[in-house]
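Quick caveat: nothing in here was measured; it's all calculated off a predicted structure. Per chain, numbering begins at 1; letters A, B, ... match sequence-line order.
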4 protein chains.
Amino acid sequence: MKDIIGKTVNKRERILMAAVEVFTRRGYNNARMEEIAETAGIGKGTLYEYFDSKMQLFNEMIIKSWEEYSNSLTADSIHELNFEESIREIIKGHFTFSKEKKKLARVLFWDTEIMDEELKEWMRRRRKEQEKLIDQMVSRAVDAGEIKPVDKMLVYIILGGLVGSIWAINIMNNWEIDPQELADQLTEAVMDGIRK
Amino acid sequence: MKDIIGKTVNKRERILMAAVEVFTRRGYNNARMEEIAETAGIGKGTLYEYFDSKMQLFNEMIIKSWEEYSNSLTADSIHELNFEESIREIIKGHFTFSKEKKKLARVLFWDTEIMDEELKEWMRRRRKEQEKLIDQMVSRAVDAGEIKPVDKMLVYIILGGLVGSIWAINIMNNWEIDPQELADQLTEAVMDGIRK
Amino acid sequence: MKDIIGKTVNKRERILMAAVEVFTRRGYNNARMEEIAETAGIGKGTLYEYFDSKMQLFNEMIIKSWEEYSNSLTADSIHELNFEESIREIIKGHFTFSKEKKKLARVLFWDTEIMDEELKEWMRRRRKEQEKLIDQMVSRAVDAGEIKPVDKMLVYIILGGLVGSIWAINIMNNWEIDPQELADQLTEAVMDGIRK
Amino acid sequence: MKDIIGKTVNKRERILMAAVEVFTRRGYNNARMEEIAETAGIGKGTLYEYFDSKMQLFNEMIIKSWEEYSNSLTADSIHELNFEESIREIIKGHFTFSKEKKKLARVLFWDTEIMDEELKEWMRRRRKEQEKLIDQMVSRAVDAGEIKPVDKMLVYIILGGLVGSIWAINIMNNWEIDPQELADQLTEAVMDGIRK
DNA sequence: TATGAATGAGAATTCATTCAT
DNA sequence: TATGAATGAATTCTCATTCAT
């Protein structure tokens, strides 16, 4: 099986791509397995050769998508950057991902309702990892005298908040804005506050 | 009809309370009308004496809840406070609401997927109002020399982000924290930044 | 209780009038008890003080209406008329009734489906009576040398047929025609045939 | 798929046959989709693979049945027959159809109440066609000097009436009679009248 | 391995009927 | 006697899943 650019794409992959498309367009409950099959260009029954159930397909779709998102953030470069630059990169990366995959971001970050326990547990672990990463960033920055000895959780809230907010505004306002510019402004505000 | 604490509660109110309970526990699609009826302690058919459809019940539940939330924020006092104090109150108010009504907050702020067009429009108007409120706050604060002449949108993103973030963390971590303390710390960070 | 022209109308009567109105407008299955109650200007529960069930109300409505119809036909005068004049009167009477109470006629003559066994039996007896009446008319006419010694059933078919046909055409075509004229033409056709 | 006599019958056809059976036994409103499915020997959901809704199934059933009926009448032979012979054929054909498919005839000719607008329109067109056919028959017969220059509508009423009457009597009396004999007698009565 | 026709559990909604007031 | 709020049985339709080919 070949896709358009000639790269071999196996059927499992094709189904997952279709799942992203349909789940994000319709939401979990309104997505029909038949539409996913059609989108993947295969028969309805074939889905069940690769995935046990709608739920399992959703889970795997989320995991795959998270990994894509995650990869876009933890570019090794981050480890070589100082705190301010790291924050700027994180904001920019998140914004770019959210912009490209608006609806996926929604499902990924907020559709926790329909996740089953297994997937929720998986998500919790991923978030813990993120938290630890930020924790290390903050510690290093405090030690390096870059920032005030601030509670790691505080930074996590602020960063996480920005991240969610950006997505929400993206969705709501269909906002056109330059990722670089936004990242710059937000980073400055976070670093220096808004008090005159 | 009396509820536990002896206050008279009419049936429409009782159904709305049950709807909050069930919709937030299960999400719109997995909520069954029968469970809402049972929760309200009434028969299935009685629901339809008070609400035309599942969708309409959901809409009214959202609107009622938003109004409760909204009232908890726009305490008149806000208008007499300076910018820093206002931010502190908003964060505290939101956090308190989110803590008490965790799941409701989720539905309220993020479950836009299942809302019908009428409700979406209603929500958009409410958010515009919020935006205008913050806009005024920022303008006054800039004029008063309290803060840098910063883009109103930036403040909206930061505040909105914090608000979302707080909720998310609340949900995920089942976090125990004092609203006042959190509000203080976040306000300080927002005002003065985190740079040493 | 008084109706418009000041005649006392008891509640039972009022309900039956409302039943005619609603059953003929909606058909048995689409008629709601509530609408009948509203039309009668009484409460829903009150219906059940006077009639045991929807079915029973329908039955009584049919019986009452049939009697009205029946009275409009068996005017004593008929017994004093000769055969040709009788036929003319029957056709005219039926046409007039059908014209005034189009939809009731439909229910009365053709909605046998929803009748329960008791009512069907009642209708069968009424039709037998009609049949007997015609039988007598034919016998007398044959004896009097007015018509050929024709099978009574044949006349019954022809007359019954005309009766149904008139109603159907009334319904379908919303036909405007003078009862007297139609009766004259049909009677002539029946009596003398259409052969040149 | 084979039916009892070994003829291949596709499932759509089987469902339509079951629909005739159940709709005519119970009437539209009392027919349950589940019973139709059981009668067709298939699962409830399968109905909806072939028909969109109960209403659509009913419509198609009516149309199919009318076409069967129609075919039984407009045998090409009719066009070669004179007026008297044509009438005889029409009466005989209708009687035979009504005898075989009593209840279907009822639904077909009289259950207009539950038809939706689309189907009603379809029926109106079919009836117009019939009317035109009779119109032509009468015109030709008048021109040929076979019958008096009688109003076409009159013949339509008489023929249509007989047709309805035959069905009604069929239903009510469970009459056993020979189609040929009945057709002969009625034709004679129509042609020559019953006056001595 | 791939398919899609067949299935039936499940959910929203309606409305005749009951019954407390 | 009159009422209408409350009820739940009954019915249509959807769609994830199965399985014969």
Side-chain angles (χ1 to χ4, degrees), chain A residues 1 11 15 26 28-38 40-58, chain B residues 1 10-12 15 26 28-38 40-58, chain C residues 1 11 15 26 28-38 40-58, chain D residues 1 10-12 14-15 26 28-38 40-57:
Chain A
M1 194 182 316
K11 203 162 287 191
I15 294 173
R26 307 248 184 253
Y28 180 79
N29 279 287
N30 296 318
R32 277 172 303 110
M33 291 298 266
E34 189 152 22
E35 190 176 354
I36 295 175
E38 278 164 17
I42 60 168
K44 204 180 353 168
T46 311
L47 288 181
Y48 290 86
E49 298 292 327
Y50 292 88
F51 301 91
D52 290 341
S53 68
K54 188 181 182 183
M55 198 67 220
Q56 199 221 326
L57 174 55
F58 180 78
Chain B
M1 193 183 316
N10 71 27
K11 200 158 292 186
R12 202 165 195 285
I15 293 173
R26 307 248 184 253
Y28 181 79
N29 281 286
N30 296 318
R32 279 172 304 110
M33 289 300 264
E34 192 154 21
E35 189 178 355
I36 295 175
E38 279 163 16
I42 59 170
K44 200 176 4 156
T46 309
L47 288 182
Y48 290 87
E49 296 288 327
Y50 292 87
F51 300 91
D52 289 341
S53 67
K54 187 181 180 182
M55 197 68 216
Q56 199 221 326
L57 175 54
F58 180 77
Chain C
M1 193 182 316
K11 205 163 284 190
I15 294 173
R26 307 247 184 254
Y28 180 79
N29 279 286
N30 296 319
R32 276 172 304 111
M33 291 299 266
E34 189 152 22
E35 191 177 353
I36 295 174
E38 278 164 17
I42 59 168
K44 204 183 349 171
T46 310
L47 287 181
Y48 289 87
E49 298 292 328
Y50 293 87
F51 300 91
D52 290 341
S53 68
K54 188 181 182 184
M55 198 67 219
Q56 199 222 326
L57 174 54
F58 180 78
Chain D
M1 190 183 317
N10 71 27
K11 199 158 293 186
R12 202 164 195 287
R14 279 246 304 271
I15 294 173
R26 307 248 184 253
Y28 181 80
N29 280 287
N30 296 317
R32 278 171 305 112
M33 290 300 264
E34 193 152 21
E35 188 177 355
I36 295 175
E38 279 164 17
I42 60 170
K44 197 177 10 156
T46 309
L47 288 182
Y48 290 87
E49 297 288 327
Y50 292 87
F51 301 91
D52 289 341
S53 66
K54 187 180 180 182
M55 198 67 217
Q56 199 221 327
L57 175 54

Please give me the minimum heavy-atom distance between [X] and [Y], naming the atom from each residue.
{"X": "D:Phe51", "Y": "D:Arg12", "value": "CE2-NH2, 3.5 Å"}
{"X": "C:Tyr28", "Y": "C:Lys54", "value": "O-NZ, 3.0 Å"}
{"X": "C:Ala37", "Y": "C:Lys44", "value": "CB-CA, 3.7 Å"}
{"X": "C:Ile15", "Y": "C:Ile36", "value": "O-CG2, 4.3 Å"}

Is the phosphate of [N], meaning OP1 or OP2, less than 4.0 Å from a side-chain N or O of [X]?
{"X": "A:Lys11", "N": "E:dT1", "result": "no"}
{"X": "A:Tyr50", "N": "E:dT1", "result": "no"}
{"X": "A:Thr46", "N": "E:dT3", "result": "yes"}

Rounded to whole Å, please give me the gap between [atom1] in [X] and [atom2] in [N].
{"X": "A:Ile36", "N": "E:dG4", "atom1": "CD1", "atom2": "P", "result": "16 Å"}
{"X": "A:Glu38", "N": "E:dA2", "atom1": "CD", "atom2": "P", "result": "18 Å"}
{"X": "B:Leu47", "N": "F:dG8", "atom1": "CG", "atom2": "C1'", "result": "12 Å"}
{"X": "D:Glu35", "N": "F:dA10", "atom1": "CD", "atom2": "P", "result": "15 Å"}
{"X": "C:Arg26", "N": "E:dT14", "atom1": "CZ", "atom2": "C1'", "result": "15 Å"}
{"X": "B:Phe51", "N": "E:dT13", "atom1": "CZ", "atom2": "P", "result": "13 Å"}

For this session: May I ask you to decide whether D:Glu49 forms a salt bridge with D:Lys11, counting only side-chain N to carboxylate O separations under 4.0 Å?
Result: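 Salt bridge between D:Glu49 and D:Lys11, a charged N being under 4.0 Å from a carboxylate O: no.
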Seminar exercise, completed: Once base and sugar-phosphate atoms are separated, protein heavy atoms under 4.0 Å mark nucleotides 16-21 of chain E, 5' to 3', with B, S and - as SBB---
Exercise. With respect to the side chain of C:Ile42, which nucleotide from E:dT7, F:dA5, F:dT3 is positioned closest?
Worked result: F:dT3
Exercise. Considering every strand shown, what is the Watson-Crick or G-U wobble mate of E:dC15 when both distances are under 3.5 Å?
Worked result: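 Its partner is F:dG8 (Watson-Crick or G-U wobble, both distances under 3.5 Å).
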Seminar exercise, completed: Mate of F:dA20 across any strand shown (Watson-Crick or G-U wobble, both atom pairs under 3.5 Å) is E:dT3
Problem set entry | Candidates B:Thr46, B:Asp52, B:Leu47 - the one meeting side chain to side chain contact (heavy atoms under 4.5 Å, CB included) with B:Tyr50 |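 Exactly one candidate clears the test, B:Thr46.
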